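Worksheet: the structure to be examined is printed underneath.
Just so it is clear, the structure is predicted and the values come from calculations on it, not from any experiment.
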Amino acid sequence: MIEIQGGPASGKTHLLYHLISVCILPNVYGGWNKVAILYDTDQGFDVRRLQQITTTRVSTHTLQTHNERIDVASVVSRAMRNLRVFHVDSASQLAASLQELPTYHGEELATSEIAVLAVDSLSAFYWEDRF
């Protein structure tokens with residue numbers, strides 16, 4: 001378990017995008033070819049930003065290691081299938097969703113391995129739960 005903390009605009013979410021990108025990309029492009037699960041508690045996750053970061057990663061990797069031309073958009077599209085984003089609105093909904101994750105994994109992702117499970121941000125419900 002890793003917790004990433006820092007002030008506003010310190011790069012926490014940007015780092016998360018990179019971790020997810022590495023997780024979902026195929027091995028041939030420097031990835032792990034695994035599933036990433038993200039619980040988006042503040043409704044701020046931007047799929048287009050992840051696609052942009054992943055596209056840049058594939059393009060850079062391809063330029064450095066391959067001489068052939070590839071369809072970068074197709075590679076990124078296939079990789080994005082390894083991402084599951086769940087939007088949760090409360091700490092109890094997050095807890096229930098986490099509790100049901102093994103069932104979801106068995107039914108929806110039985111042939112895949114989950115390598116990253118992230119919550120962005122775990123403190124989203126702090127004040128709501130405190131009072």
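- Hydrophobic clustering, with ILVMFWY side chains joined whenever heavy atoms are under 4.5 angstrom apart, keeps Ile2 apart from Leu117.
- Counting only distance, with no hydrogens or angles, the side chain of Lys34 and the backbone of Val22 share no donor-acceptor pair below 3.5 Å.
- The shortest distance between side-chain heavy atoms of His14 and Ile53 falls below 4.5 Å.
- Contact record, Ile20 with Phe45: CD1-CE1, 4.1 Å, taken as the closest heavy-atom pair.
- The distance from atom CG of Asp120 to atom CG of Asp40, rounded to the nearest 0.5 Å, is 6.5 Å.
- Contact detail for Ser112 and Val35: the closest heavy-atom pair is CB-CG2, 3.4 Å.
- Between Val88 and Gln43, the closest heavy-atom pair is O-NE2, 3.2 Å.
- Expressed to the nearest 0.5 Å, how far CD1 of Ile70 lies from NE2 of His61 amounts to 9.5 Å.
- The CZ atom of Arg84 sits 6.5 Å away from the CD1 atom of Ile37 when rounded to the nearest 0.5 Å.
- For the atom pair CD (Gln99) and CG (Leu94), the distance works out to 11.5 Å, reported to the nearest 0.5 Å.
- For Tyr104 and Phe86, the gap between ring centers is short of 6.0 Å.
- Of all the heavy atoms in Gln93 and His87, the pair that sits closest is OE1-O, 4.3 Å.
- In terms of heavy-atom proximity, Trp32 sits nearest to Cys23 at CE3-CA, 3.6 Å.
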Walk me through it: do Ile114 and His105 pass the test side-chain contact (heavy atoms from CB on, under 4.5 Å)?
-> CA-CA 8 Å; Ile114 298 172; His105 183 237; 3.5 Å; yes
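- Here the CG-OG distance, from Asn82 to Ser21, works out to 11.5 Å after rounding to the nearest 0.5 Å.
- Side-chain contact between Arg57 and Val76: absent, with no pair of heavy atoms (C-beta onward) separated by less than 4.5 Å.
- Residue Leu83 is not grouped with residue Val116 when hydrophobic side chains (ILVMFWY) are merged at heavy-atom distances under 4.5 angstrom, including chains of intermediate members.
- Take Ser74 and apply the side-chain hydrogen bond (donor to acceptor under 3.5 Å, both in side chains) test, not counting sequence neighbours, and it matches Arg78.
- To the nearest 0.5 Å, atom CD of residue Gln51 and atom OG of residue Ser77 are 8.0 Å apart.
- Side-chain contact check for Leu16 versus Ile4: every heavy-atom pair is 4.5 Å or farther apart.
- Counting all heavy atoms, side chain and backbone alike, Ala36 lies closest to Ile24 at CB-CG2, 3.9 Å.
- Ser59 contributes no side-chain N or O that, together with a main-chain N or O of Thr56, makes up a donor-acceptor pair within less than 3.5 Å.
- Remark: the backbone N or O of Val47 is not paired with any side-chain donor or acceptor of Tyr17 at under 3.5 angstrom.
- There is a path of hydrophobic side-chain contacts, each under 4.5 Å, that joins Val72 to Leu25.
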Please assess Val85 against Tyr39 for the test side-chain contact (heavy atoms from CB on, under 4.5 Å), listing each intermediate value before the final yes or no.
-> CA-CA 6 Å; Val85 179; Tyr39 290 97; over 6 Å; no
